[in-house]
Novice: 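I have a structure here, written as structure tokens, and I will follow up with some questions on it.
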Protein chains: 2
Amino acid sequence: MGERLDIHNSETPVLCRSCEARHRGMCGALKPDELIEFARHTRKERHEHGDELIGDSTAIHAYANVMRGVIKLSKVLEDGRQQLVGLQFAPDFLGRLFGRESVVTAEAASAVDLCVIPRPALEQMMASTPALEHRLMQQTLRELDEARDWMVTLGRKTAQEKVASFLYLIAMHADPAAEPVDGVSFELPLSRSDIADFLGLTIETVSRQLTKLRQAGVVRITNNRTVEVPELEALQGLCG
Amino acid sequence: MGERLDIHNSETPVLCRSCEARHRGMCGALKPDELIEFARHTRKERHEHGDELIGDSTAIHAYANVMRGVIKLSKVLEDGRQQLVGLQFAPDFLGRLFGRESVVTAEAASAVDLCVIPRPALEQMMASTPALEHRLMQQTLRELDEARDWMVTLGRKTAQEKVASFLYLIAMHADPAAEPVDGVSFELPLSRSDIADFLGLTIETVSRQLTKLRQAGVVRITNNRTVEVPELEALQGLCG
DNA sequence: CGTTTATTTGACGCGGTTCAATCAGTGTGG
DNA sequence: CCACACTGATTGAACCGCGTCAAATAAACG
């Protein structure tokens with residue numbers, strides 16, 4: 001009898017309870033019973049640093065929610081020049097909605113946990129649940145805003161300002177509540193090479209600018225990846 | 001009696017009949033009676049080249065559809081450096097949905113006709129007409145794709161490739177059906193200064209690269225604004 | 001036709017790339 | 001445990017593409 005009750009129970013699925021996307025991500029748009037229906041179609045996937053999650057020009061069979069880790073979206077020119085065009089953190093949505101095939105490559109920048117849902121399942125659900133499409137619309141609009149900010153960085157900032165802007169971006173992501181006067185410390189989710197591809201620079205230039213920032217006392221860097229910013233304000237002032 | 005019938009008539013509103021947005025734009029998502037309701041809230045606006053349509057950091061009271069002309073979206077840094085972050089043509093949608101205030105400046109790059117709808121009217125309509133939100137979602141996703149393509153241009157292409165890419169972009173917009181082997185001719189919607197801000201270059205560099213392209217026989221330019229491309233393939237080959 | 005603004009062209013310098021060498025961290029096998 | 005290789009990051013030196021500054025030319029406008 002306990003079991004029979006469970007079937008019609010509207011409790012949050014176990015796996016969703018501890019999921020960030022449950023509230024801040026797209027699943028926040030779902031009512032309890034919708035969430036249960038949703039969870040019936042999803043599967044969890046764990047990926048290692050460096051795994052290619054979606055290849056450029058590959059068919060789109062599934063979408064996903066980022067539950068943990070960082071994902072980089074990139075594009076390459078025929079001759080190999082590469083540019084990052086997006087960075088995704090939990091609880092972002094991953095995948096080009098309604099696209100025939102992907103126009104970017106998605107790669108795990110760290111260990112990553114995904115909550116994967118097949119394309120037809122999500123699209124059906126979106127069609128019947130306007131709130132879900134609305135939530136994804138909000139995320140898409142936010143991504144567009146970010147892309148445009150980034151375009152200013154790529155087109156108009158100096159190498160110094162680019163690197164400062166990148167550090168500031170990551171710092172704010174590590175601690176969204178941080179005040180300008182605060183100090184923060186965090187791990188860089190990207191290698192020098194990735195940072196260069198993010199900023200439209202070479203690794204050498206990135207490295208040189210980082211040493212300048214270090215010498216200026218704006219940041220402290222240990223083990224290549226750990227960054228400490230004594231006061232965000234100083235960093236912000238260098239962002240152009 | 002004829003008049004009474006008209007009231008409940010489901011004919012397309014007169015002003016919408018010749019509008020591009022009616023089919024390709026957001027209004028294509030509306031059924032005839034919805035279109036009538038929609039049209040009750042809209043007003044047509046005509047703007048001159050150079051008019052500021054939306055200011056950075058201004059409250060968003062209305063959205064609009066571009067019926068004619070070209071609009072440039074831009075951002076500026078405190079010290080005046082400027083970067084275009086979007087170009088909009090008919091029948092694109094104008095305005096940051098659900099945003100509190102604009103994060104870009106929108107300026108008419110040519111004479112422009114807008115179909116303006118107050119913010120509450122559109123948002124109510126979106127809430128009750130999922131197809132409308134879906135259509136706008138599609139446009140937003142397309143804009144995001146374009147922004148990311150552009151990021152590659154800004155971050156990784158040479159001045160030569162940037163200018164070629166820009167000309168190619170405009171050429172394809174002037175004649176979307178054009179084949180690579182075809183030739184096309186069109187008017188540039190932007191000044192050299194705007195093109196520079198679009199590509200993250202200076203006007204001098206833009207000018208020099210245009211002369212190079214002219215000397216190479218890839219384009220012919222008359223009156224500073226009229227461009228003729230004998231074969232698109234040659235131009236495309238220079239886009240990197 | 002004169003004035004103003006937009007574009008082109010030229011000369012020069014600098015910021016960032018390129019090429020190359022060094023250094024640091026990490027794993028591997030003897 | 002150390003020598004070795006390997007990968008990622010830093011540093012240095014030389015080069016060059018693009019920006020800067022300045023002047024000439026062309027187009028737009030009254």
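Letters A, B, ... mirror the listed sequences (proteins, then strands); counts begin at 1.
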Novice: For A:Glu146, which residues count as a side-chain hydrogen bond (donor to acceptor under 3.5 Å, both in side chains) partner, sequence neighbours excluded?
Specialist: none

Novice: Please give me the minimum heavy-atom distance between B:Leu141 and A:Leu97, naming the atom from each residue.
Specialist: CD1-O, 3.6 Å

Novice: Could you walk me through whether B:Ile170 and B:Val227 pass side-chain contact (heavy atoms from CB on, under 4.5 Å), step by step?
Specialist: CA-CA 10 Å; B:Ile170 301 298; B:Val227 178; over 6 Å; no

Novice: Could I get the full list of salt bridge (Lys or Arg N to Asp or Glu O under 4.0 Å) partners for B:Arg142, not counting sequence neighbours?
Specialist: none

Novice: With side-chain hydrogen bond (donor to acceptor under 3.5 Å, both in side chains) as the rule and sequence neighbours excluded, what pairs involving residues 155-167 of chain A come up?
Specialist: A:Arg156-B:Asp197, A:Lys157-A:Ser165, A:Thr158-A:Glu161, A:Gln160-A:Gln209, A:Glu161-B:Arg81

Novice: Using a 3.5 Å distance criterion without hydrogens, assess whether the side chain of B:Ser102 forms a donor-acceptor pair with backbone atoms of B:Thr58.
Specialist: no

Novice: Any chance CZ of A:Arg214 has more than 12 other-residue heavy atoms, nucleotides or ligands included, within less than 6.0 Å?
Specialist: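 For A:Arg214, atom CZ is crowded (more than 12 foreign heavy atoms under 6.0 Å).
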
Novice: Determine yes or no for a side-chain-to-main-chain donor-acceptor pair under 3.5 angstrom, with A:Ser110 supplying the side chain and A:Gly69 the backbone.
Specialist: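 A pair under 3.5 Å: no.
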
Novice: Which angle, rounded to 10°, do you find between the first-five-pair axis and the last-five-pair axis of the helix from C:dC1-D:dG30 to C:dG30-D:dC1?
Specialist: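 If I round to tens, the end axes sit 30° apart.
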
Novice: Starting from P on C:dT8, measure out to CG on B:Leu213 and report it in whole angstrom.
Specialist: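 To the nearest whole Å, that distance equals 12 Å.
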
Novice: Under a 4.0 Å threshold between the charged nitrogen and the carboxylate oxygen, would A:Glu187 count as salt-bridged to A:Arg225?
Specialist: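 No, no charged N to carboxylate O under 4.0 Å.
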
Novice: Would you mind writing out the side-chain donor-acceptor pairs for residues 84-91 of chain B within the sub-3.5 Å range, not counting sequence neighbours?
Specialist:
from, atom 1, to, atom 2, distance (Å)
B:Gln88, NE2, B:Phe93, O, 3.2
B:Gln88, NE2, B:Glu143, OE2, 3.3

Novice: Rounded to the nearest angstrom, tell me the gap between atom CG in B:Leu199 and atom C1' in D:dG19.
Specialist: 15 Å

Novice: My understanding is that only residues two or more places apart in sequence, or in another chain, count here; which of them pass side-chain hydrogen bond (donor to acceptor under 3.5 Å, both in side chains) with A:Asp56?
Specialist: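 A:Asp56: no side-chain hydrogen bond (donor to acceptor under 3.5 Å, both in side chains) contacts found.
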
Novice: Restricting to nitrogen or oxygen on both sides, can you table the protein-nucleotides 13-16 of chain C pairs closer than 3.5 Å?
Specialist:
from, atom 1, to, atom 2, distance (Å)
C:dG16, OP1, A:Ala159, N, 2.7

Novice: Could you state the CG-P distance from A:Asp197 to C:dT17, rounded to the nearest angstrom?
Specialist: 12 Å

Novice: DNA chain D: A:Arg156 or A:Arg214, which has the more 5' nearest nucleotide?
Specialist: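 By nearest-heavy-atom nucleotide position, the 5'-most residue is A:Arg214.
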
Novice: Give every pair of a protein N or O atom and an N or O atom of nucleotides 21-23 of chain D that lie under 3.5 Å apart, one pair per line with the distance.
Specialist:
from, atom 1, to, atom 2, distance (Å)
D:dC21, N4, B:Glu204, OE2, 3.1

Novice: Does B:Val14 have any side chain to side chain contact (heavy atoms under 4.5 Å, CB included) partners at least two apart in sequence or in another chain, and if so, which?
Specialist: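 Partners of B:Val14 under the side chain to side chain contact (heavy atoms under 4.5 Å, CB included) test: B:Arg17.
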
Novice: State whether B:Ser207 places a side-chain N or O below 4.0 Å from either non-bridging phosphate oxygen (OP1 or OP2) of C:dT9.
Specialist: no

Novice: Going by salt bridge (Lys or Arg N to Asp or Glu O under 4.0 Å), name the residues that satisfy it together with A:Glu101, two or more places apart in sequence or in a different chain.
Specialist: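 By the salt bridge (Lys or Arg N to Asp or Glu O under 4.0 Å) rule, A:Glu101 matches no residue at all.
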
Novice: Can any side-chain N or O of A:Arg135 pair as donor or acceptor with the backbone N or O of A:Gly25 at less than 3.5 Å?
Specialist: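 Answer holds: yes.
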
Novice: Output the rounded distance in Å from CG (A:Leu210) to P (D:dA9).
Specialist: 10 Å

Novice: Show the nearest heavy-atom pair for residues A:Cys115 and A:Lys44, with the distance to one decimal.
Specialist: SG-NZ, 3.3 Å

Novice: Using whole Å, what does the distance between atom P of nucleotide D:dG19 and atom CD1 of B:Ile203 come to?
Specialist: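 Atom CD1 in B:Ile203 sits about 11 Å away from atom P in D:dG19.
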
Novice: Checking B:Asp51 side chain against B:Leu53 main chain: does a donor-acceptor pair fall under 3.5 Å?
Specialist: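 No; zero donor-acceptor contacts below 3.5 Å.
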
Novice: Between atom CZ in A:Arg225 and atom C1' in D:dT10, what is the gap in whole Å?
Specialist: 15 Å

Novice: Expressed as a whole number of angstroms, how long is the span from A:Lys212:NZ to D:dT10:C1'?
Specialist: 15 Å

Novice: Return the residues of residues 73-83 of chain A meeting this criterion: a heavy atom under 4.0 Å from some atom of DNA chain C. Order them by number, or give none.
Specialist: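 Of all residues in residues 73-83 of chain A, none places a heavy atom under 4.0 Å from DNA chain C.
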
Novice: To the nearest angstrom, how far is A:Ile195 atom CD1 from D:dG8 atom P?
Specialist: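 After rounding, the gap between these two atoms is 14 Å.
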
Novice: Which atoms of nucleotides 21-27 of chain C (N or O only) lie under 3.5 Å from a protein N or O atom, and what are those distances?
Specialist:
none

